[in-house]
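Comments concern the structure below.
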Amino acid sequence: MEKLWWCFLVLISLSNVSGQTDMHKKAFVFPKESANSYVSLKAQLKKPLRAFTICFHVYSELNPARGYGIFSYAIKSEDNEILIFWSKSGGGYIFAVGGTELLFSVPETTAAPAHICASWESASGIAEFWVDGKPKVRKSLRKGYTVKSEAVIILGQDQDSFGGDFDINQSLVGDIGNVNMWDFVLSPEEIYTVYLDGTFKPNILDWRELKYDIHGEVFIKPQLWS
């Protein structure tokens, strides 16, 4: 009986792993479809956002097959307070702020790691989206809006309610890494520096000082991109 109880405790500990780690040259790996595998991030966010920039690498073979959630920032009153989602039907990335979505189309490509940056500012409502260091056309999104700060931030799933209600058919299968977030809009020069793996200190989410919880089958492995 004691042995069975010990094994149960080990399984519980493995199913939910917390950490604060320098994730440089590492990635979170989501090896299979799942409705309960994800990473939750703990942000250094003390006030509502009037602007932000999010950057990350993502690598998946799902693009021709179906959509999947990458970055999901939900509050109690809005599950798509900030969302970055690959849309197969749209042929590009959905970028949402305050529940309003934009589509940034990208050419169909073979599976390869992609570097993504998305930024938004309330004053102008301008949303920018960058793929591999190259900008898409700027668009208007929720001018005058304020992003609330009491949020649950999830990688690898799309929150359909605050902190959960995941759909296995929207889960990421692949790798995600270099997730950083700032409370202002990075300049084109700064985004290109980040794309080249340059040093530019984030102040909301910092991949070099990341606080996270791993749920389900997600693993930390060396990154596959340079």
Side-chain angles (χ1 to χ4, degrees), residues 28 30 32-35 37-39 49 51-75 77-122 124-143 145 147 151-162 164-181 185-186 188 191 194-195 225:
F28 291 120
F30 302 78
K32 65 179 184 179
E33 292 183 338
S34 171
S37 295
Y38 61 96
V39 178
L49 292 172
F52 65 82
T53 304
I54 303 164
C55 294
F56 55 84
H57 273 97
V58 62
Y59 187 18
S60 178
E61 293 183 331
L62 287 177
N63 292 28
R66 62 167 175 80
Y68 54 88
I70 305 171
F71 183 97
S72 174
Y73 178 116
I75 60 172
S77 59
E78 177 53 65
D79 48 274
N80 290 335
E81 186 73 345
I82 303 174
L83 176 69
I84 301 175
F85 184 97
W86 168 260
S87 170
K88 175 189 178 294
S89 59
Y93 293 94
I94 289 174
F95 179 30
V97 172
T100 301
E101 300 177 355
L102 291 177
L103 176 69
F104 289 91
S105 299
V106 297
E108 224 175 284
T109 58
T110 55
H115 185 263
I116 304 298
C117 284
S119 68
W120 169 85
E121 65 176 11
S122 175
S124 66
I126 295 296
E128 297 184 4
F129 205 90
W130 299 67
V131 180
D132 293 333
K134 297 178 181 178
K136 311 304 291 183
V137 174
R138 293 180 174 112
K139 298 183 180 182
S140 179
L141 179 63
R142 292 307 303 262
K143 181 179 178 180
Y145 188 73
V147 172
V152 173
I153 303 175
I154 299 293
L155 301 179
Q157 299 278 0
D158 176 15
Q159 299 176 75
D160 287 330
S161 64
F162 185 65
D165 199 13
F166 305 130
D167 182 345
I168 190 172
N169 294 312
Q170 295 181 339
S171 62
L172 169 66
V173 179
D175 297 8
I176 185 167
N178 297 339
V179 182
N180 293 294
M181 186 174 181
V185 174
L186 296 188
I191 286 180
V194 173
Y195 167 62
W225 49 84

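A quick note: this is a predicted structure, and the numbers were derived from the prediction, not measured.
Across Gln170 and Asp158, no two heavy atoms sit closer than the pair OE1-OD2, 3.4 Å. What you find for Ser72 and Asp79 is that their closest heavy atoms are OG-O, 4.2 Å. Taking each heavy atom of Pro107 and Lys136 in turn, the nearest pair found is CD-NZ, 4.4 Å. Contact record, Trp86 with Val106: CZ3-CG2, 3.5 Å, taken as the closest heavy-atom pair. What you find for Gly90 and Ser105 is that their closest heavy atoms are O-OG, 4.0 Å. In terms of heavy atoms, Ala96 sits closest to Glu101 at CB-CG, 3.8 Å.
The residue from Leu172, Ile84, Asp175, Val179 that alone fulfils the side chain to side chain contact (heavy atoms under 4.5 Å, CB included) condition with Val58 is Leu172. Paired with His57 under the rule ring pair (Phe, Tyr, Trp, His ring centres under 6.0 Å), one option of Trp225, Phe71, Phe28, Tyr195 passes, and it is Trp225.
In summary, the side chains of Gln159 and Tyr38 do not present any donor paired with an acceptor at a separation below 3.5 Å, with no hydrogens or angles considered. There is a side-chain donor-acceptor pair under 3.5 Å between Tyr68 and Asn63. Using modelled atom types, one finds no donor on one side chain facing an acceptor on the other under 3.5 Å when comparing Asp132 with His115.
Ring planes of Phe95 and Phe129: tilted class, angle from 30 to 60°. Using cut-offs of 30° and 60° for the angle between ring planes, the Tyr145 and Trp120 rings count as perpendicular.
With sequence neighbours left out, the side-chain hydrogen bond (donor to acceptor under 3.5 Å, both in side chains) criterion links Glu61 to no other residue. Judged as a side-chain hydrogen bond (donor to acceptor under 3.5 Å, both in side chains), and not counting sequence neighbours, Ser60 has no contacts.
The pair Arg66-Glu33 meets the salt-bridge criterion, with a side-chain N (NZ, NE, NH1 or NH2) lying under 4.0 Å from an Asp/Glu carboxylate O.
Residue pairs meeting the side chain to side chain donor-acceptor pair (under 3.5 Å) criterion with at least one partner in residues 87-99, sequence neighbours excluded, are Ser87-Ser89.
Looking at Asn80, its side chain never comes within 3.5 Å of a backbone N or O of Ile82 through a donor-acceptor pair.
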